[in-house]
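First comes the structure, then the notes that go with it.
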Amino acid sequence: METKSPATSNQPQATSYLKENGIRPMDENLIDREDPQYQLHSIRHSAAHIMAHAVQRLIPEAKFAIGPVIKDGFYYDMDLPRTLTSEDLEAIEAEMKKIIKENNSFERQEWDKDKAREFFGEHHQDYKLELIEGIQDETVSIYKEGDFTDLCAGPHVRYTKQCKHFKLLKVSGAYWRADENNAQLQRVYGTAWQTKEDLEKYLFQIEEAAKRDHRKLGRELGLVMFHEYAPGAPFWLPKGQTVFRTLSDKMRNYNLRNGYVEVGTPQMFRKDLWETSGHWDHYRDNMFIFDDEDTQIGLKAMNCPSHMLIFKNERRSYRELPLRIHDQGVLHRNEKSGALSGLTRVRKFCQDDAHLFVTPEQIEHELRKLLIMAKNTYEVFGMKFSKVYLSTRPEDYMGELEMWNQAEASLEKVIKEADIRFEINAGDGAFYGPKIDFIIEDALGREWQTATVQLDFQLPVRFDLKYIDANNEFKTPIVIHRAIYGSLERFIGVLIEHYAGAFPTWLAPVQVHVINLGENHLEYAAHVHKKLLAAGIRSHLDVRNESVNYKIRDGELQKVPMMLVLGDREVENQTVTVRRLHQAKGRSEAISIDEFIANIKAEADIDFADPE
RNA sequence: GCCGAUGUAGCUCAAUAUGGUAGAGCAACGGUUUUGUAAACCGUCGGUUGUAGGUUCAAGUCCUAUCAUCGGCACCA
């Protein structure tokens, strides 16, 4: 299966608030609406104008592109004669404060297009001229604030003083009209709020979120390391590997008991395979390819071609379908250097991948089961999808229209039945079939695709796959690509942030620290530790010559779910005293070793619920 | 890949916006201490300042290239 390797677009989405609420942006005095969401929108949009105004004062040659409202703030794209520095940001902020103090009013005007063309032409606002040409109406709306005039649909606040609580956050490059062939503009991001408290709260939240960044926690908790010799390729350290293996095994077992078979497949293939699959034409730039004698070899970037070959390896009967092939093989994708990011966008990764070979009649049933499996899986982690997309037929689709319509209808039907909220992403399906993508947010609010379900009519044809149906006729199967975690690397990255590093007991790389009080308790601590290991519990014996306080603190920082502190009392009664992670002051009751083992095993007895 | 930023000991940071051959805490190691729920005490080790060039009497500080990372953008059939 081919999750979009890593991510969905991180392009900020302009809020659809106005559209959703059926509000015409040209209404006057919008800030007077009671709806706080509406006011926030107006404040942010106006803050973008004020920022542009400030830039115009400081850098008169500035050309302005677009300045929309986004989640938590706004940005403005500008073409400037020089690159902005962080000092510039401060200067712009200072200038904005002046403008706000001036308390200019926002004034709306309707201009006919020629007047607008003339005005923006005189001011060398090339991007605005281009935007005017894209507007259907005969007239365009203009907002004036002080001596700053902008082409803009609104809405705005009435006076600049209503935008007091803002902060500029960062500058970056951004392509005009999101096309890398166009000029790269400078985008300044900012945030704006109704009250000082809201602003401060937001800034605090950003700081807090950074503390659960998986790159920081991954290092601090000894889960994963990176090295510049292998950019984009995680090294799983013993603890990280434990998490990895636990997740991997859990999913493997989940699949196997739900009718999947598991396979292992080669790591690299001659280019012929990639030509057959279509990847040579469509995906080569993202693959690692090297010469081998008279041909070229490509490291696999996805498992599907292997599974096609496995299907083709035997004469298949309809009685075998659905054939569900699971594979957690290693994949390499040559992601562009600038795209790499911790565990969430890597070059080397594994997916909990599977390909389902089905008859047309089986599609719906299999999809239904898949959605339930995905739902049940994420439920165990207490994770919510921030978005679910149903991506439909693109313009350059392959195959028959009727097949597409049926497939899209099936997907939509089952996703509704599963009671999953989703949005339709029209035209964003793969050329080989429609798909459902599941999106999760990281700590910093960035969105990543994890699970995916994709229908594929194309690969079976390209590989000339056949099965024999009940009438002894050859039929072409349909393939469903699917992954529930998606990339395990990315999933773990998101999980680390979700739990802020404090994994639940079943997943914690180390489940128990056994801590002795003094040298008189060494032997008993070792005994307890040994019993825990024998019971299959991931125990660590901490008998360093350090104070109990020190060792407790260490366990806390390592986010170990349980610590056993053993002293005279425990030795005497052959018990353990349990201290849970983040436990408030005060000591728990002592319990027997066996009781503790039973408790922890019960707690770690977690599994994904089977469909049906 | 593009725009920008960053790179000093294992980690977190210092080293006067105006160059004068690197300091601290934690960790590690050695010793003392034998500890009852978030850091006992003393000592020791540890750095060709990402890499390669250049400017200079002198470079962590300036310049160039390069690598990696970070923030975005683009990409993610």
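It should be emphasised that the depicted structure is a prediction, and the values quoted were computed from it without experimental measurement. Letters A, B, ... mirror the listed sequences (proteins, then strands); counts begin at 1.
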Nearest heavy atom decides the nucleotide; on that basis, is A/G342 or A/G278 closer to the 5' end of RNA chain B?
A/G342
Could you state the atom-to-atom distance from CG of A/N520 to C1' of B/G36 in whole Å?
13 Å
To the nearest Å, how far apart are A/H214 NE2 and B/U69 P?
12 Å
If you compare every side-chain N and O of A/R544 against the phosphate oxygens of B/U35 (OP1, OP2), does one of them come in below 4.0 Å?
no
Can you tell me the pairing partner of B/U6 across any strand shown, Watson-Crick or G-U wobble, with both distances under 3.5 angstrom?
B/A68
According to a strict under-4.0 Å criterion, is A/R215 in side-chain N/O contact with OP1 or OP2 of B/G71?
yes
Output the single nucleotide from B/A40, B/U37, B/C75 whose closest atom is nearest the side chain of A/E546.
B/A40
Reading nucleotides 1-9 of chain B 5' to 3', which nucleotides get B (base under 4.0 Å from a protein heavy atom), which S (sugar-phosphate only), which -?
BBBS-----
Interatomic distance at C1', B/C11 relative to B/G47, whole Å
14 Å
When you look at A/R270 and A/D272, which way does the salt bridge (charged side-chain N to carboxylate O under 4.0 Å, His left out) test go after all the steps?
CA-CA 5 Å; A/R270 274 170 27 195; A/D272 316 42; 3.0 Å; yes
Could you tell me the Watson-Crick or G-U partner of B/C62, where both distances fall under 3.5 Å? Say none if there is no partner.
B/G54
Below 4.0 Å: OP1/OP2 of B/G72 and any side-chain N or O of A/R446
yes
Does a donor on one side chain sit under 3.5 Å from an acceptor on the other, for A/D428 and A/Y389?
no
Phosphate oxygens OP1/OP2 of B/A38: is one of them under 4.0 Å from a side-chain N or O of A/R579?
yes
Nearest to the A/Y189 side chain among B/C75, B/U69, B/C73, which nucleotide is it?
B/C73
Presence of A/R345 side-chain N/O under 4.0 Å of B/U69 phosphate oxygens OP1/OP2
no
For this output row, return yes or no: ring centroids of A/Y432 and A/H282 closer than 6.0 angstrom.
no
For A/M96 and A/A47, work out which heavy atoms get closest and say how close.
CE-O, 3.7 Å
Expressed as a whole number of Å, how far does the C1' atom of B/C63 sit from that of B/G19?
13 Å
Return the nucleotide paired to B/C41: Watson-Crick means purine N1 to pyrimidine N3 with N6-O4 or O6-N4, wobble means G-U with N1-O2 and O6-N3, both under 3.5 Å.
B/G31
Taking atom C1' in both B/C75 and B/U66, compute the distance separating them and give it to the nearest angstrom.
24 Å
Pairwise P distance, B/G60 and B/U8 [rounded to whole Å]
15 Å
Can you tell which of B/G71, B/U37, B/G36 lies closest to the side chain of A/I552?
B/U37
When rounded to the nearest Å, what value does the distance between C1' atoms of B/A9 and B/C29 take?
15 Å
Just how far, in rounded Å, is P of B/A39 from CG of A/D542?
15 Å
Quiz question: going by heavy-atom distance under 3.5 Å, is there a donor-acceptor pair between the base of B/C75 and the side chain of A/R333?
no
Interatomic distance, A/R553 CZ vs B/A27 C1' [rounded to whole Å]:
12 Å
Assess whether a salt bridge exists between A/R580 and A/E603, defined as any Lys/Arg side-chain N lying under 4.0 Å from an Asp/Glu carboxylate O.
yes
For the pair A/R215 and A/D213, find out whether any cationic side-chain nitrogen is under 4.0 Å from an anionic carboxylate oxygen.
yes
In whole Å, I'd like the distance from the CZ atom of A/R580 to the C1' atom of B/A38.
18 Å
Show me the donor-acceptor pairs, under 3.5 Å and distance only, between side chains in residues 551-558 of chain A and residues at least two apart or in other chains.
{"unit_1": "A/K551", "atom_1": "NZ", "unit_2": "A/N516", "atom_2": "O", "d": "3.4"}
{"unit_1": "A/K551", "atom_1": "NZ", "unit_2": "A/N516", "atom_2": "OD1", "d": "2.7"}
{"unit_1": "A/K551", "atom_1": "NZ", "unit_2": "A/D542", "atom_2": "O", "d": "3.2"}
{"unit_1": "A/K551", "atom_1": "NZ", "unit_2": "A/R544", "atom_2": "O", "d": "3.0"}
{"unit_1": "A/D554", "atom_1": "OD2", "unit_2": "A/R544", "atom_2": "NH2", "d": "3.1"}
{"unit_1": "A/E556", "atom_1": "OE1", "unit_2": "A/H582", "atom_2": "N", "d": "3.4"}
{"unit_1": "A/E556", "atom_1": "OE1", "unit_2": "A/H582", "atom_2": "ND1", "d": "3.2"}
{"unit_1": "A/E556", "atom_1": "OE2", "unit_2": "A/R579", "atom_2": "NH1", "d": "2.5"}
{"unit_1": "A/E556", "atom_1": "OE2", "unit_2": "A/H582", "atom_2": "N", "d": "2.9"}
{"unit_1": "A/Q558", "atom_1": "OE1", "unit_2": "A/K239", "atom_2": "NZ", "d": "3.0"}
{"unit_1": "A/Q558", "atom_1": "NE2", "unit_2": "A/E220", "atom_2": "O", "d": "3.2"}

Taking B/A38, B/A68, B/G36 as options, the one with an atom nearest any side-chain atom of A/L557 is B/A38
Could you give the CD-to-P distance, from A/Q558 to B/A27, as a whole number of Å?
13 Å
For A/V548, report the nucleic acid contact type (base, sugar-phosphate, nothing); a contact means any heavy atom under 4.0 Å.
sugar-phosphate
For A/T392 and A/I424, the nearest pair of non-hydrogen atoms, with its separation, is CG2-CG2, 4.0 Å
Provide the closest heavy-atom pair for A/K559 versus A/G501 in the form atom of the first, atom of the second, distance.
CD-C, 3.5 Å
Using a strict threshold of under 4.0 Å (side-chain N to carboxylate O), is an ion pair present between A/E208 and A/K211?
yes
From the set B/G36, B/C75, B/G72, return the single nucleotide nearest to any side-chain atom of A/K170.
B/G72
NA contact type, A/G232, heavy-atom cut-off 4.0 Å: base, sugar-phosphate, or nothing?
sugar-phosphate
Assign A/E87 to base, sugar-phosphate, or nothing according to its heavy-atom contacts below 4.0 angstrom with the strands shown.
nothing
Closest of B/G72, B/A68, B/U37 to the A/T577 side chain is B/U37
Separation of B/C70 atom C1' from A/F226 atom CZ, nearest Å, is 13 Å
For A/I478 and A/M403, the nearest pair of non-hydrogen atoms, with its separation, is CD1-CE, 4.1 Å
B/C73 - base-pair partner by Watson-Crick or wobble geometry, distances under 3.5 Å:
B/G1
Distance, C1' atom - from B/U44 to B/U56, rounded to whole angstrom
38 Å
Classify A/H513 by what it touches in the nucleic acid, base, sugar-phosphate, or nothing, heavy-atom distance under 4.0 Å.
nothing
Round to the nearest Å and state the distance from A/Y550 atom OH to B/A40 atom P.
8 Å
Can you tell which of B/A68, B/G71, B/C73 lies closest to the side chain of A/R187?
B/C73
Rounded P spacing from B/G20 to B/C62 in Å:
11 Å
Checking all strands, does A/L169 fall into the base, sugar-phosphate, or nothing category for heavy-atom contacts under 4.0 angstrom?
nothing
Which part of the nucleic acid, if any, lies within reach of A/D281 when heavy atoms closer than 4.0 Å are counted: base, sugar-phosphate only, or nothing?
nothing
Looking at B/U69, B/G36, B/A39, which one has an atom nearest to any side-chain atom of A/S547?
B/A39
Of A/L517 and A/H282, the one whose closest RNA chain B nucleotide lies more 5':
A/L517
Sticking with atom P, work out how far B/U48 lies from B/C57, rounded to a whole angstrom.
27 Å
Paired with B/A15: which nucleotide, if any, by Watson-Crick or G-U wobble criteria at under 3.5 Å for both distances?
none
